[in-house]
Amino acid sequence: QVQLVESGGGLVQAGGSLRLSCAAFGLTFSTYAPAWFRRAPGQDREFVARISLAGNSWYTDSVRGRFTISRDNAKNTLYLQIDNLKPEDTAVYYCAARRRFGSSNANDYNYWGQGTQVTVSS
């Protein structure tokens, strides 16, 4: 059974940093192209970042330069380093995974975690 388990969220002041983790179970993580999405209160789920099997990364414009996605296949874990946090980054952050090829479309992903809350105070 595939499980994605996020951790690392919390309450932080604007300008601060967090590192989110997503541990993957029940799949061969190295063959999956995972991604991070987020959902802010009252808004639709939004693509944040994704990483390919080879380690290439893509970001939505609003986070580029502040967020860094990475993966450790030996640990079956996906990371999101978030720096210079802004109040508009407040959201539930989800990791997602699909085989081989990544996408910025949430509908393309087969597996989802339960989410971790990030709250940024001004």
Side-chain angles (χ1 to χ4, degrees):
Q1 182 179 355
V2 174
Q3 271 192 303
L4 302 177
V5 181
E6 300 98 333
S7 61
L11 173 63
V12 64
Q13 288 187 331
S17 297
L18 285 173
R19 188 174 83 153
L20 308 185
S21 299
C22 172
F25 304 92
L27 53 79
T28 305
F29 187 65
S30 60
T31 66
Y32 280 74
W36 289 98
F37 289 81
R38 65 185 179 186
R39 188 193 300 271
Q43 297 187 22
D44 292 334
R45 188 167 42 189
E46 174 192 29
F47 166 76
V48 174
R50 66 181 178 90
I51 188 167
S52 70
L53 274 64
N56 298 312
S57 56
W58 291 261
Y59 301 91
T60 193
D61 288 345
S62 62
V63 310
R64 189 174 293 112
R66 300 187 298 119
F67 289 22
T68 304
I69 189 172
S70 61
R71 64 189 299 164
D72 186 334
N73 291 338
K75 295 182 178 180
N76 280 10
T77 301
L78 176 71
Y79 300 100
L80 186 68
Q81 176 68 38
I82 309 176
D83 297 318
N84 190 20
L85 276 156
K86 303 178 180 181
E88 52 264 40
D89 294 322
T90 295
V92 178
Y93 284 71
Y94 300 90
C95 69
R98 68 188 299 255
R99 287 288 306 276
R100 298 182 65 192
F101 301 111
S103 169
S104 60
N105 186 339
N107 293 328
D108 291 337
Y109 287 83
N110 309 100
Y111 304 109
W112 291 85
Q114 81 289 348
T116 186
Q117 176 72 47
V118 172
T119 303
V120 184
S121 63
S122 57

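Since the structure is predicted, the reported quantities are computational estimates derived from the model, not experimental observations. We count residues from 1, following the sequence as given.
In this structure the side chain of Trp36 never reaches within 4.5 angstrom of the side chain of Phe67, judged on heavy atoms. Residues Ile51 and Pro34 are in side-chain contact: their nearest non-hydrogen atoms beyond the backbone lie under 4.5 Å apart. Looking only at side-chain heavy atoms (C-beta outward), Gln117 and Thr90 come within less than 4.5 Å of each other. Taking 4.5 Å as the limit, some side-chain heavy atom of Ser62 sits within range of a side-chain heavy atom of Glu46.
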message = Pair Thr68, Tyr59 - check side chain to side chain contact (heavy atoms under 4.5 Å, CB included), show working.
response = CA-CA 9 Å; Thr68 304; Tyr59 301 91; 3.9 Å; yes
inquiry  = Under the criterion side chain to side chain contact (heavy atoms under 4.5 Å, CB included), I'd like the reasoning laid out for Arg38 against Asp89: C-alpha separation, chi angles, the key distance, then a yes or no.
reply    = CA-CA 9 Å; Arg38 65 185 179 186; Asp89 294 322; 3.0 Å; yes
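For the pair Arg71 (side chain) and Ser52 (backbone), a donor-acceptor distance under 3.5 Å is present. Judged by distance alone, with hydrogens and angles left aside, the side-chain atoms of Glu6 form a donor-acceptor pair with the main-chain N or O of Gly115 at under 3.5 Å.
For Ser104 against Phe37, the heavy-atom pair with the smallest separation is O-CE2, 3.7 Å. Of all heavy-atom pairs between Ser103 and Asp108, the closest is OG-OD2, 2.6 Å. In terms of heavy atoms, Val120 sits closest to Leu85 at CG2-CD2, 3.8 Å. Of all non-hydrogen atoms in Ser17 and Asp83, the two that sit nearest each other are OG-OD1, 2.8 Å. Ala14 and Pro87 get closest at one heavy-atom pair: CB-CD, 4.2 Å. Gly9 approaches Leu20 most closely through the heavy-atom pair N-CD2, 3.6 Å.
Contacts of Phe25 classified as side-chain contact (heavy atoms from CB on, under 4.5 Å), with partners at least two apart in sequence or in another chain: Gln3, Val5, Ala23. In this view, Asp61 and Arg64 satisfy the side-chain contact (heavy atoms from CB on, under 4.5 Å) rule, not counting sequence neighbours. Applying the salt bridge (charged side-chain N to carboxylate O under 4.0 Å, His left out) test to Arg50 and every residue at least two apart in sequence or in another chain returns nothing.
Transitive grouping of hydrophobic side chains (ILVMFWY, heavy atoms separated by less than 4.5 Å) keeps Tyr109 and Tyr79 in distinct clusters. Note on Val2: it clusters hydrophobically with Leu78, by side-chain heavy-atom contacts below 4.5 Å among ILVMFWY residues. Transitive grouping of hydrophobic side chains (ILVMFWY, heavy atoms separated by less than 4.5 Å) keeps Leu53 and Leu4 in distinct clusters. Val12 and Val48 fall within the same hydrophobic cluster, defined by Ile, Leu, Val, Met, Phe, Trp and Tyr side-chain heavy atoms under 4.5 Å apart, directly or through other members.
Note: Trp112 and Tyr94 have perpendicular aromatic rings, judged against thresholds of 30 and 60 degrees for the angle between ring planes.
Taking CZ of Arg100 as the reference point, atom CZ of Arg98 lies at 10.5 Å (rounded to 0.5 Å). From Asn76, atom CG reaches atom SG of Cys22 across 10.0 Å, with rounding to the nearest 0.5 Å. Atom CZ of Arg99 sits about 7.5 Å away from atom OG1 of Thr28, to the nearest 0.5 Å. Here the straight-line distance linking atom CZ of Phe29 with atom CG of Asp72 works out to 8.5 Å at 0.5 Å rounding. To the nearest 0.5 Å, atoms CG (Leu80) and OG (Ser21) are separated by 9.5 Å. The CD atom of Gln13 sits 9.5 Å away from the OG atom of Ser122 when rounded to the nearest 0.5 Å.
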